[in-house]
**Q** 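Below is the structure I would like to discuss, written out as structure tokens.
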There are 2 protein chains.
Amino acid sequence: MGNSRLTVREIARLAGVSVATVSRVSNGTGQVSEEMRRRVLEAIEKHGYRPDHLGRALAAGRHGALGLVFPGLSGPYFTELIQGFESEAVPSRASVHILCTHLRSDSDQQVLEMGRRVDGVAVIGGTISELALLRLAEMVPVVVVAGTGPGAVPSVRADNAGSMAMLTRHLLVEHELTDLVFVGNPEGSPDVSERWAAFLAAHRSVGVTPPAAPIAVSMQQADGVLAAEQLLRGDPRPAGVVCANDEIALGVLVGALGRGLRVPQDVVITGFDDAPVAALVNPALTTVRQPVRELAAEAARLILTAVSEPERASSGDVVLPTELVLRRSCGCPANLTAGGSGS
Amino acid sequence: MGNSRLTVREIARLAGVSVATVSRVSNGTGQVSEEMRRRVLEAIEKHGYRPDHLGRALAAGRHGALGLVFPGLSGPYFTELIQGFESEAVPSRASVHILCTHLRSDSDQQVLEMGRRVDGVAVIGGTISELALLRLAEMVPVVVVAGTGPGAVPSVRADNAGSMAMLTRHLLVEHELTDLVFVGNPEGSPDVSERWAAFLAAHRSVGVTPPAAPIAVSMQQADGVLAAEQLLRGDPRPAGVVCANDEIALGVLVGALGRGLRVPQDVVITGFDDAPVAALVNPALTTVRQPVRELAAEAARLILTAVSEPERASSGDVVLPTELVLRRSCGCPANLTAGGSGS
DNA sequence: TGGTCGCCTGAAACCGGTTTCCGTTAACCG
DNA sequence: CGGTTAACGGAAACCGGTTTCAGGCGACCA
């Protein structure tokens with residue numbers, strides 16, 4: 001119960017002042033004499049009054065909330081994303097609404113509904129239809145994370161192509177592996193799509209024929225284990241397995257070690273993301289570091305800016321740099337960090 | 001912009017009716033003649049009017065939102081939890097607010113602030129102070145997930161003790177391992193605390209001296225790798241490593257295999273949760289299956305009930321059953337499922 | 001002492017919906 | 001044909017805040 005019945009009018013009555021004065025005191029706006037302020041604060045203190053969020057939001061025409069939309073939660077990537085977003089939103093006194101569209105047929109509708117409850121939304125690339133994205137952008141500021149938006153919708157993403165090209169060329173040239181496979185589903189997300197494209201382009205740039213198609217699995221460790229099962233059983237075993245993220249790579253690694261294969265001697269494995277565990281496994285995983293938390297934090301900042309200062313709402317694309325991390329799983333001798341890349 | 005300027009009064013003017021009629025039509029409440037309904041629907045359709053959520057919420061005295069509070073996101077456990085919660089909230093047209101308290105000093109304050117923006121909150125056990133929990137429960141219905149609440153705060157948790165006792169006895173008796181260690185921090189969460197207590201109790205029940213203290217690490221795969229480093233290097237190597245969750249266990253497994261140890265011949269490893277990957281690694285992981293998604297879904301249902309029908313708000317504890325899953329990592333020959341327990 | 005200015009204050013309008021309450025009208029019945 | 005009733009629609013109150021606007025009052029100045 002507590003402060004159920006307490007309204008600004010009730011406090012005004014108790015303090016013997018007008019509601020306007022109570023509002024001024026509780027917000028610190030306008031001029032209020034010391035005597036009035038004391039009386040109001042006393043009444044507020046005594047009865048434990050806290051202004052109702054809905055009333056305040058209605059008057060302000062602002063929800064004080066930000067939305068985050070993602071396809072489904074799997075693995076450290078999304079948890080980092082959420083935490084990065086949240087860490088930026090909370091200090092601005094904005095609460096965070098989440099929406100998992102995964103496996104729901106009416107996600108477009110759900111997202112538009114969310115648009116009516118928040119001041120701005122970050123949408124993970126590839127999550128909803130472009131039409132829904134545009135409609136959403138008509139009602140609130142929107143930022144696409146890890147992908148690019150249609151029209152003038154701004155976006156924040158990592159430089160997938162640069163580092164994936166470097167990684168692929170590293171395997172093809174330095175380690176002279178000409179029989180690589182790619183594990184990950186390019187249809188699944190813009191990120192994977194870019195990585196696959198860069199993987200192909202790097203092959204062409206050094207004159208090696210790439211595989212015709214990727215091993216299209218989703219992004220979890222279990223999928224990596226299954227892919228390993230399929231890949232490493234076959235007789236013409238690939239020399240290197242380039243995975244769309246670290247989770248798949250760890251699954252492949254576990255699968256390979258479980259079959260008695262040596263990494264990197266028998267097969268090379270690489271990941272993407274540089275999750276904390278990548279440096280700790282044996283052999284340590286060669287991968288690409290991308291600033292996932294920072295990606296989401298930047299998205300939150302863009303939205304908060306667009307909300308509070310609509311006149312300078314950006315509509316450009318932010319591309320954060322990534323970094324190739326060479327470790328033992330690709331055949332390199334020890335931990336070393338190759339040059340960064342990207343914007 | 002779209003429906004920016006559109007209010008119920010504007011639609012009423014355009015349709016030539018009163019605001020009450022517009023409200024009745026758009027909500028399907030009360031009696032409205034066919035002619036009026038047609039005129040109103042036409043105006044709504046033509047201008048794309050959607051009632052404002054804030055105005056509606058203010059009038060209804062209900063936010064249409066549920067809160068979920070957790071310490072920090074790490075691993076599949078929390079992602080399952082979130083998705084379970086969300087899957088139950090969304091069909092009830094409630095949006096989900098999240099709050100990571102991790103590493104923030106003012107979490108109690110943040111949680112109380114959240115309490116003013118939602119209709120009910122689920123709090124993961126051990127996340128905030130009991131005082132804050134009680135104050136929160138004064139303003140909105142609260143359910144503790146994976147833990148027990150103070151006072152009359154209801155809770156939903158899994159039967160940790162039953163299955164952990166079975167697992168420990170299984171290792172001590174069936175496999176005759178008398179030198180077990182426990183990896184996980186009982187201070188970290190009520191779940192781990194219960195599991196550690198059951199681990200100790202099982203030792204006593206069969207007359208074996210348990211280890212004096214757990215290896216207190218947090219719950220991520222990287223922590224397991226580090227724990228393995230510490231445990232398996234020492235000369236009096238433990239015969240079995242009982243981990244507080246699957247992620248730690250996978251880390252220990254990777255660490256052990258990386259050091260050239262054989263599992264289960266050289267060391268036995270067990271987990272908790274039965275994450276998807278547990279069945280796929282080699283050797284497959286002996287663990288305890290707990291219904292994480294269902295845990296969160298049940299919490300969401302309890303809250304939704306308490307919100308819509310306060311008179312029959314529960315204040316009891318729900319304990320969901322868990323199930324011992326014996327696989328190869330404990331030395332058992334093949335996949336087999338031992339009897340369930342709990343509830 | 002009269003006028004002006006600036007600081008405080010409160011009444012009322014406003015944000016965008018829902019709901020109560022009452023008057024009108026048509027239908028139905030005796 | 002008069003009377004009762006049910007169906008319908010609109011004016012206004014309400015949800016709980018913020019903000020505008022006008023007026024009161026004391027201080028300062030001439």
Side-chain angles (χ1 to χ4, degrees), chain A residues 2-41 43-44 47-65 93 113 115-119 139, chain B residues 1-41 43-44 47-65 93 113 115-119 139-140:
Chain A
N3 54 8
S4 298
R5 311 228 125 201
L6 285 182
T7 71
V8 67
R9 297 173 221 275
E10 182 67 3
I11 291 295
R13 196 182 60 75
L14 290 166
V17 301
S18 75
V19 295
T21 300
V22 174
S23 178
R24 281 192 271 259
V25 169
S26 92
N27 285 359
T29 62
Q31 315 260 26
V32 181
S33 71
E34 209 41 56
E35 161 66 5
M36 289 285 127
R37 178 184 312 284
R38 194 190 52 70
R39 293 224 314 259
V40 172
L41 286 177
I44 287 179
H47 301 86
Y49 166 76
R50 292 281 115 201
D52 177 77
H53 182 72
L54 284 174
R56 183 172 267 190
L58 178 60
R62 189 166 290 185
H63 297 79
R93 316 188 54 72
E113 171 62 29
R116 313 205 352 271
R117 299 175 175 223
V118 297
D119 300 319
M139 23 189 178
Chain B
M1 304 301 108
N3 54 8
S4 298
R5 311 228 125 202
L6 285 183
T7 72
V8 68
R9 298 175 218 274
E10 183 68 3
I11 292 295
R13 197 182 58 76
L14 291 166
V17 302
S18 76
V19 294
T21 300
V22 174
S23 179
R24 280 192 272 258
V25 169
S26 92
N27 285 358
T29 62
Q31 316 260 26
V32 182
S33 71
E34 209 41 56
E35 162 66 7
M36 290 284 128
R37 178 184 312 282
R38 195 190 51 71
R39 291 219 322 251
V40 171
L41 287 177
I44 287 179
H47 301 86
Y49 165 76
R50 290 283 117 201
D52 177 78
H53 182 73
L54 284 175
R56 183 172 266 189
L58 179 61
R62 191 166 289 185
H63 297 79
R93 314 189 56 72
E113 170 62 29
R116 311 202 355 268
R117 299 175 177 224
V118 297
D119 300 319
M139 22 188 179
V140 291

**Q** If I take atom CG in residue A/Leu6 and atom C1' in nucleotide D/dG17, what distance separates them, rounded to the nearest angstrom?
**A** 14 Å

**Q** For the pair made of CZ in B/Arg56 and C1' in C/dC15, what is the distance, rounded to whole Å?
**A** 16 Å

**Q** Using five base pairs at each end, measure the axis-to-axis angle across the helix from C/dT1-D/dA30 to C/dG30-D/dC1 and round it to 10 degrees.
**A**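 Overall, the helix from C/dT1-D/dA30 to C/dG30-D/dC1 bends by 50° from one end axis to the other.
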
**Q** Which pair of heavy atoms, one from B/Val8 and one from B/Tyr49, lies closest together, and at what distance?
**A** CB-OH, 3.8 Å

**Q** Please work out if B/Leu58 contacts a base, only the sugar-phosphate, or nothing of the nucleic acid, heavy-atom cut-off 4.0 Å.
**A**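 Result for B/Leu58 = base.
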
**Q** Got a sec, which residues hit salt bridge (Lys or Arg N to Asp or Glu O under 4.0 Å) with B/Arg39, two or more places apart in sequence or on another chain?
**A** B/Glu35

**Q** Using residues 9-23 of chain B as the side-chain source, report each donor-acceptor pair under 3.5 Å to any protein atom, sequence neighbours left out, with the distance given to one decimal.
**A**
from	atom 1	to	atom 2	distance (Å)
B/Glu10	OE2	B/Arg13	NH2	3.0
B/Ser18	OG	B/Ala20	N	3.4
B/Ser18	OG	B/Thr21	N	3.4
B/Ser18	OG	B/Thr21	OG1	3.4

**Q** Can you name the residues that form a side chain to side chain donor-acceptor pair (under 3.5 Å) with A/His63, not counting sequence neighbours?
**A** A/Asp119

**Q** Rounded to whole Å, how long is the line connecting atom CZ of B/Arg62 with atom C1' of C/dT18?
**A** 14 Å

**Q** What is the distance from atom CD1 of A/Ile44 to atom CZ of A/Arg37, rounded to the nearest 0.5 Å?
**A** 10.5 Å

**Q** From CG of A/Asn27 over to C1' of D/dG16, roughly how many Å is that when rounded to an integer?
**A**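 My rounded result for the distance is 13 Å.
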
**Q** May I ask you to verify whether the side chain of B/Arg9 and the base of C/dG17 hold a donor-acceptor pair under 3.5 Å?
**A**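 Yes, the side chain and the base share a sub-3.5 Å donor-acceptor pair.
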
**Q** Could you check how far NE2 of A/His53 sits from P of D/dG16, rounded to whole Å?
**A** 15 Å

**Q** Once side chain to side chain donor-acceptor pair (under 3.5 Å) is applied, do any residues pair with A/Asp52, and if so which ones, sequence neighbours excluded?
**A** none

**Q** At under 4.0 Å between heavy atoms, how does the protein contact nucleotides 20-27 of chain C? Give one character per nucleotide, 5' to 3', with B, S or -.
**A** B-------

**Q** Select base, sugar-phosphate, or nothing to describe what B/Val22 touches, counting heavy atoms under 4.0 Å on all strands.
**A** nothing

**Q** Would you say a side-chain N or O of B/Thr7 is under 4.0 Å from OP1 or OP2 of C/dG16?
**A**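 For B/Thr7, the contact criterion (side-chain N or O under 4.0 Å from OP1 or OP2 of C/dG16) is not met.
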
**Q** Which residues in residues 31-39 of chain A have at least one heavy atom lying under 4.0 Å from any atom of DNA chain D?
**A**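 Contacts with DNA chain D under 4.0 Å: none.
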
**Q** According to salt bridge (Lys or Arg N to Asp or Glu O under 4.0 Å), who are the partners of B/Glu34, at least two apart in sequence or on a separate chain?
**A**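 Per chain and number, B/Glu34 pairs via salt bridge (Lys or Arg N to Asp or Glu O under 4.0 Å) with no residue.
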
**Q** Can you tell me if A/Arg116 uses its side chain to pair, donor with acceptor, with the backbone of B/Arg50 under 3.5 Å?
**A** no

**Q** Just jot down the side chain to side chain contact (heavy atoms under 4.5 Å, CB included) partners of B/Arg56, sequence neighbours excluded, or say none.
**A**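 With neighbours one apart ignored, the set is B/Ser26, B/Asn27, B/Pro51.
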
**Q** Is there a side-chain contact between A/Thr21 and the phosphate of C/dG10, meaning an N or O under 4.0 Å from OP1 or OP2?
**A**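 Yes, A/Thr21 has a side-chain N/O under 4.0 Å of OP1/OP2 on C/dG10.
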
**Q** Taking only residues two or more places apart in sequence or in another chain, which ones pass side chain to side chain contact (heavy atoms under 4.5 Å, CB included) with A/Ala59?
**A**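 Side chain to side chain contact (heavy atoms under 4.5 Å, CB included) list for A/Ala59, sorted by chain: empty.
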
**Q** Please give, in whole Å, the distance from C/dC14 P to B/Glu10 CD?
**A**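 These atoms are roughly 15 Å apart.
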
**Q** Sequence neighbours left out, what passes salt bridge (Lys or Arg N to Asp or Glu O under 4.0 Å) with B/Arg24? Give chain and number order.
**A** none

